[in-house]
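Have a look at the structure below, then the notes.
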Amino acid sequence: AAKKAGRDRAVTFEESMYQAAVAEAEARTELERALDRNEFVVVYQPIVDLPSGLPIGVEALVRWQHPERGLLGPNEFIAHAERTGLIVPLGAGVLRVACQEMARWHREIPGAAAMRVSVNLSARQFQEPGLVDMVREVLAETGIAPEKVVLEITESMAMEDVDATVLVLHRLRDLGVRLAIDDFGTGYSSLSYLSRFPIDILKIDKAFVDGITANREDAALAEAVVGLGRALRLQTVAEGIEQADQQSLLTGLGCTYGQGYLFARPISADEITAMLREMRADS
Ligand code: C2E
Ligand code: MG
Ligand code: MG
Ligand code: MG
C-alpha cells in the first residue's frame with residue numbers, strides 16, 4: 001500500500017508540474033494576445049501636496065481590459081507578466097503612454113505645466129540591459145520634460161544587488177528623470193545603502209499610514225520614516241491615505257506629498273484632463 005501511495009504521489013507531482021507548465025504557456029499566450037490587441041490601459045492616481053491637497057502629479061497604474069473577465073488590476077497579471085518576461089514590452093508601453101499623455105497635458109493645459117508623472121518599473125525591467133536606452137527613446141519620442149518623469153522602483157528591488165542598482169540609477173538620472181523608492185519600509189534596507197542611491201523621493205508604504213491615527217507605534221514609525229527622508233533631503237510621499245486625520249497627522253510630521261482614496265482613486269486619462277482643467281478654472 002505504501003509503494004502504491006508513493007507511486008500515486010509521484011504521478012500526481014508530475015501531473016501538477018505538467019499542469020503548471022501548461023498554465024504558464026497559456027498565460028503567456030493570453031498576455032501576448034492582449035498586448036497585440038491593445039487591451040492594457042493606463043489609469044492615473046493624483047499625488048497631492050499634503051497641506052493643501054492640491055495635485056502635483058499622477059502615478060500611472062496599469063489595468064487589463066479583459067474581453068471576458070472585465071477590468072483586471074495589476075495583482076491579477078503583473079506576476080505572470082514578470083515570469084514570462086512580457087513585463088518588458090508591457091512596462092515600456094505603460095511608460096510611453098504615460099509620457100505621451102502627460103506631455104499633452106503640459107501642452108494643452110497651461111496650469112498643468114508643473115505636473116509630474118510617476119511610472120512603476122518591475123524588477124525584470126530594471127535588470128534589462130536595454131532599460132536606459134528604452135527610457136531615453138521614450139523621452140525623445142514624446143518630448144516630455146525629463147524632470148517631470150519619476151521612475152519608481154521598490155525597496156526590495158533596489159536591495160537585490162546594491163552595486164548594480166546604484167549604477168543603473170545613476171544612468172537613469174543622467175537622462176534627467178527623477179527616481180523614487182516605492183513601498184518604502186516593507187523591505188529591509190540598510191540605511192547606509194539608502195544613502196548611496198541617487199534618489200529624490202521616498203514613498204512611504206500604506207502599511208505605515210493605516211494605523212497612524214490608531215496606535216502610537218505606527219505613528220512613531222511613520223515619523224521616523226519621514227524624518228529619514230528629511231535627513232537624506234528627499235521628498236516623502238505617503239501612500240494609501242484614506243482619512244482626513246491621517247492627512248493632518250502626516251502633514252504635521254512634515255511629509256511632503258500624499259496619495260490615497262481620500263484625495264482620488266486611480267481615474268482615466270479623460271477624468272484627469274477634466275480635473276486639470278477644473279483646477280485651472282479654480283485658480
Ligand atoms: P504601487 O506602485 O504601490 O501603487 C499604489 C497602489 O495602491 C495602487 O494599486 C493604488 O490603486 C493603491 N491605492 C492608492 N491609494 C489607496 C488607498 O487609499 N487605499 C487603498 N486600499 N489602495 C490605494 P494598484 O493600481 O492595484 O497597483 C498595485 C501595484 O501593482 C502597484 O503598487 C505596483 O507595484 C504594481 N503596478 C501597477 N501598475 C504597474 C505598472 O505599470 N508596472 C509595474 N511594473 N507595476 C505596476
Ligand atoms: Mg508605485
Ligand atoms: Mg507604492
Ligand atoms: Mg504600496
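Just so it is clear, the values below take in all heavy atoms, side chains as well, and ignore hydrogens, waters and symmetry mates. All values reported here derive from a predicted model rather than from experimental measurement. We count ligands from 1, going down the list as the structure has it; atoms in each ligand are counted the same way.
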Problem set entry | Glu152, N/O/S atom nearest the Mg ion (ligand 2) | OE1
Exercise. Is the distance from the Mg ion (ligand 2) to the nearest N/O/S atom of Asn120 under 2.8 Å?
Worked result: yes
Exercise. Quick one: does Glu82 get a heavy atom under 4.0 Å from ligand 1?
Worked result: no
Exercise. Should the proximity of Lys206 to ligand 1, defined as any heavy atom under 4.0 Å, be assigned to the side chain, the backbone, both, or neither?
Worked result: side chain
Problem set entry | Polar contact flag, side-chain donor to acceptor under 3.5 angstrom, His170-Arg173 | no
Problem set entry | Mode of Pro74 contact toward ligand 1 - side chain, backbone, both, neither (heavy atoms, under 4.0 Å) | side chain
Seminar exercise, completed: Per-atom filter on ligand 1: closer than 4.0 angstrom to a heavy atom of Glu239 are 3 (O), 5 (C)
Exercise. What's the atom name of the N, O or S in Glu59 nearest to the Mg ion (ligand 2)?
Worked result: OE2
For this session: Examine ligand 1 and decide if any of its atoms is less than 4.0 Å from a heavy atom belonging to Gly91.
Result: no
Exercise. Under 30°, 30 to 60°, or over 60°: which ring-plane class applies to Phe77 and Trp64, parallel, tilted or perpendicular?
Worked result: perpendicular
Exercise. In terms of atom number and element, which parts of ligand 1 are under 4.0 angstrom from non-hydrogen atoms of Ser122?
Worked result: 44 (N)
Exercise. Are any of the N or O atoms of Gln45 closer than 3.5 Å to those of ligand 1?
Worked result: yes
For this session: Have a look at Val62, Asp183, Asp182 and point out the one with the heavy atom closest to atom 39 (C) of ligand 1.
Result: Val62
Seminar exercise, completed: Between Gly73 and Arg63, the two heavy atoms sitting closest are CA-CD, 4.2 Å
Exercise. So is Glu59 polar-close to ligand 1, meaning N/O to N/O under 3.5 Å?
Worked result: yes
For this session: Would you please say whether a donor-acceptor pair under 3.5 Å links the side chains of Asn120 and Glu59?
Result: yes
Exercise. Can a non-hydrogen atom of Arg63 be found less than 4.0 Å from any atom of ligand 1?
Worked result: yes
For this session: Would you mind running through ligand 1 and noting each atom that sits below 4.0 Å from a heavy atom of Gly240?
Result: 15 (N), 16 (C), 17 (C), 18 (O)
Exercise. Quick one: CZ on Phe40 to NE2 on His66, what's the gap to the nearest 0.5 Å?
Worked result: 9.0 Å
Exercise. Under 4.5 Å between any side-chain heavy atoms of Thr256 and Ile201, yes or no?
Worked result: no
For this session: Check Leu139 against Val177 and note the closest heavy-atom contact, atom names and distance.
Result: CD1-CG1, 3.9 Å
Problem set entry | Under-4.0 Å salt bridge between Glu32 and Arg28 | yes
Problem set entry | Interatomic spacing from NZ in Lys203 to OG1 in Thr154 - rounded to 0.5 Å | 12.0 Å
For this session: Mark up the atoms of ligand 1 that fall under 4.0 Å of a heavy atom belonging to Glu242, in ascending order.
Result: 17 (C), 18 (O), 19 (N), 20 (C), 21 (N)
Seminar exercise, completed: Restricting Asp182 to its N/O/S atoms, the closest one to the Mg ion (ligand 2) is OD2
For this session: May I have all residue pairs that pass side-chain hydrogen bond (donor to acceptor under 3.5 Å, both in side chains) and include part of residues 242-253, sequence neighbours excluded?
Result: none
For this session: State if Pro266 counts as touching ligand 1 under the rule of any non-hydrogen atom under 4.0 Å.
Result: yes
Exercise. Do Thr186 and Asp183 have a side chain donor and acceptor closer than 3.5 Å?
Worked result: no
